[in-house]
Protein chains: 2
Amino acid sequence: MARHAENQNWKLVASDLEDLIGYNLKRAYVIVRADFREALGDDGMSARVFSALSLAVEFPNITQSELARMMGIERSGLVSIVDELEQRGFLNRVAVPGDRRVQALVPTQEGRFACVEALKAVRAHEDALLDVMTAKEKETLLKLLKKIRMRGEG
Amino acid sequence: MARHAENQNWKLVASDLEDLIGYNLKRAYVIVRADFREALGDDGMSARVFSALSLAVEFPNITQSELARMMGIERSGLVSIVDELEQRGFLNRVAVPGDRRVQALVPTQEGRFACVEALKAVRAHEDALLDVMTAKEKETLLKLLKKIRMRGEG
DNA sequence: TATTGTTATACTCTATAACTATA
DNA sequence: TATAGTTATAGAGTATAACAATA
């Protein structure tokens with residue numbers, strides 16, 4: 001059976017995948033994700049660990065619950081991430097006087113340094129990957145992605 | 001310790017996550033993915049199953065290896081996807097005369113119908129989610145995402 | 001030798017539910 | 001009752017490596 005099917009339904013489908021924002025978003029994300037991994041190397045931080053470290057550096061003394069909320073994941077999922085960051089010596093869980101339930105995440109000097117170095121590497125890789133785009137285009141892309149985020153993250 | 005740390009490293013980090021294309025891509029993708037799942041309901045197809053069906057409908061008689069290549073995943077990963085589509089009655093594995101290794105993927109009438117219906121639902125949801133963007137902006141976003149894809153899928 | 005489909009296996013990311021210790 | 005951190009567990013999604021059948 002060739003493309004001239006009995007009904008015309010296939011016409012509504014043909015290549016319409018290519019017009020979906022979601023499909024293109026995923027395909028592009030997969031590429032940038034692979035680039036990210038290459039940037040930080042085989043024993044480098046994963047994207048989520050790097051994100052957690054970045055936010056912990058940006059907001060020192062943040063709690064795990066706050067950080068999870070900020071990252072859009074569950075509290076429970078953050079435990080292993082913080083475990084890894086602590087094992088790498090990039091931050092410490094520190095008791096907070098006044099509320100013995102919470103533990104503040106305090107980045108170490110080494111953690112701040114590693115964060116900056118990782119960011120440099122990721123930026124360099126991203127710049128190389130996206131050298132087909134102009135600065136203006138990248139800015140536009142960022143703006144549009146943030147528009148989607150604003151819609152979904154409220 | 002407040003933000004005026006001993007060194008100025010934090011300044012290079014603060015909120016720089018927000019300027020990375022990769023980070024924004026992922027955050028936006030997570031939102032659109034959740035929207036997709038909602039569009040197709042609890043017992044609906046997953047994104048990858050829907051993608052496979054769409055491509056099988058668009059390219060009838062495609063082989064699994066070709067489809068996997070097209071989707072950017074491994075052959076082995078496609079087996080369970082095609083299993084599910086066959087169980088749902090959306091396509092059939094059909095022997096190909098001339099090469100007994102390959103099995104052509106032939107969508108059923110029901111499969112083509114389901115594909116169109118799913119696409120309508122996904123489109124409607126995507127339109128509602130992205131109603132904060134103009135048609136022009138969506139077009140621009142698609143163009144820029146495809147630019148990244150061209151770079152990585154080249 | 002190379003390719004197609006397949007199985008087995010493992011790893012990453014994430015969610016849910018329940019637990020503990022606090023509040 | 002509610003919250004913070006934790007554990008156990010399960011489910012997607014994907015990759016790698018090997019295999020049998022076929023080319």
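Sequence lines set the chain letters: A, B, ... in the order given, protein chains first and strands last, and positions in each chain run from 1.
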Of the options D:dA18, D:dA23, D:dG5, whose atoms approach the side-chain atoms of A:Val102 most closely?
D:dG5
Once you round it to whole Å, what is the distance between P of D:dA2 and CG of A:Asp99?
17 Å
Measure from the side chain of B:Arg101, starting at C-beta and using heavy atoms only, and say which of D:dA15, D:dA2, D:dA23 lies closest.
D:dA23
Side chain of A:Arg100, heavy atoms from C-beta onward: which of C:dT22, C:dT7, D:dT14 has the nearest atom to it?
C:dT22
For A:Gly22, does its backbone N or O pair with a side-chain atom of B:Glu126 as donor and acceptor, under 3.5 Å?
yes
Take the protein atom CG of B:Asp83 and the nucleotide atom P of C:dG5, then report the distance between them rounded to whole Å.
13 Å
Of A:Gly72 and B:Ile62, the one whose closest nucleotide on DNA chain C sits nearer the 5' end is B:Ile62
Taking only the side-chain heavy atoms of A:Val79 (C-beta and beyond), determine which of D:dT7, C:dT6, C:dT4 contains the nearest atom.
D:dT7
Measure from the side-chain heavy atoms of A:Ser76 and tell me the nearest of D:dG13, C:dT6, C:dA15.
C:dA15
Rounded to the nearest Å, what distance is computed from the CG atom of residue B:Leu85 to the P atom of nucleotide C:dG5?
15 Å
Tell me whether the side-chain N/O atoms of B:Gln64 come closer than 4.0 Å to OP1 or OP2 in C:dT3.
no
Verify, without hydrogens or angle tests, whether A:Lys138 (side chain) and A:Asp131 (backbone) share a donor-acceptor contact under 3.5 angstrom.
no
Less than 4.0 Å between a side-chain N and a carboxylate O, is that true for B:Arg88 and B:Glu110?
no
Per the atom types in the model, does the base of C:dG5 pair as donor or acceptor with the side chain of B:Arg75 at under 3.5 Å?
yes
Separation of D:dA18 atom C1' from B:Glu74 atom CD, nearest Å, is 14 Å
Nearest whole angstrom, please: distance from the C1' of D:dA4 to the CG of A:Asn61.
16 Å
Consider the side chain of B:Ile73, meaning its heavy atoms from C-beta on, and name the nucleotide among D:dG13, C:dT6, D:dA15 that approaches it most closely.
D:dA15
Would you kindly compare A:Lys26 and A:Thr63 by the position of their nearest DNA chain D nucleotide and give the one closer to the 5′ end?
A:Thr63
Distance check needed: D:dT7 C1' versus A:Leu78 CG, whole Å only.
15 Å
Grab the CG-P distance between B:Leu67 and C:dG5 for me, whole Å please.
10 Å
Round to a whole Å and report the spacing from CZ of B:Arg69 to P of D:dT14.
17 Å
Determine whether B:Met45 and B:Leu85 make a side-chain contact, defined as any pair of heavy atoms from C-beta on separated by less than 4.5 Å.
yes
Are the side chain of A:Lys146 and the backbone N or O of B:Glu18 linked by a donor-acceptor pair below 3.5 Å?
yes
Proximal nucleotide (of C:dT6, D:dA15, D:dT14) relative to the B:Arg48 side chain:
D:dT14
Relative to the 5' end of DNA chain C, which residue comes earlier, B:Arg33 or B:Glu66, by the nucleotide with the nearest heavy atom?
B:Glu66
Which is true for A:Arg93 with a 4.0 Å heavy-atom rule: it touches a base, it touches only sugar-phosphate, or it touches nothing?
sugar-phosphate
Quick test of your reading of the model: are B:Arg69 and B:Glu66 salt-bridged, counting only N-O distances below 4.0 Å?
no
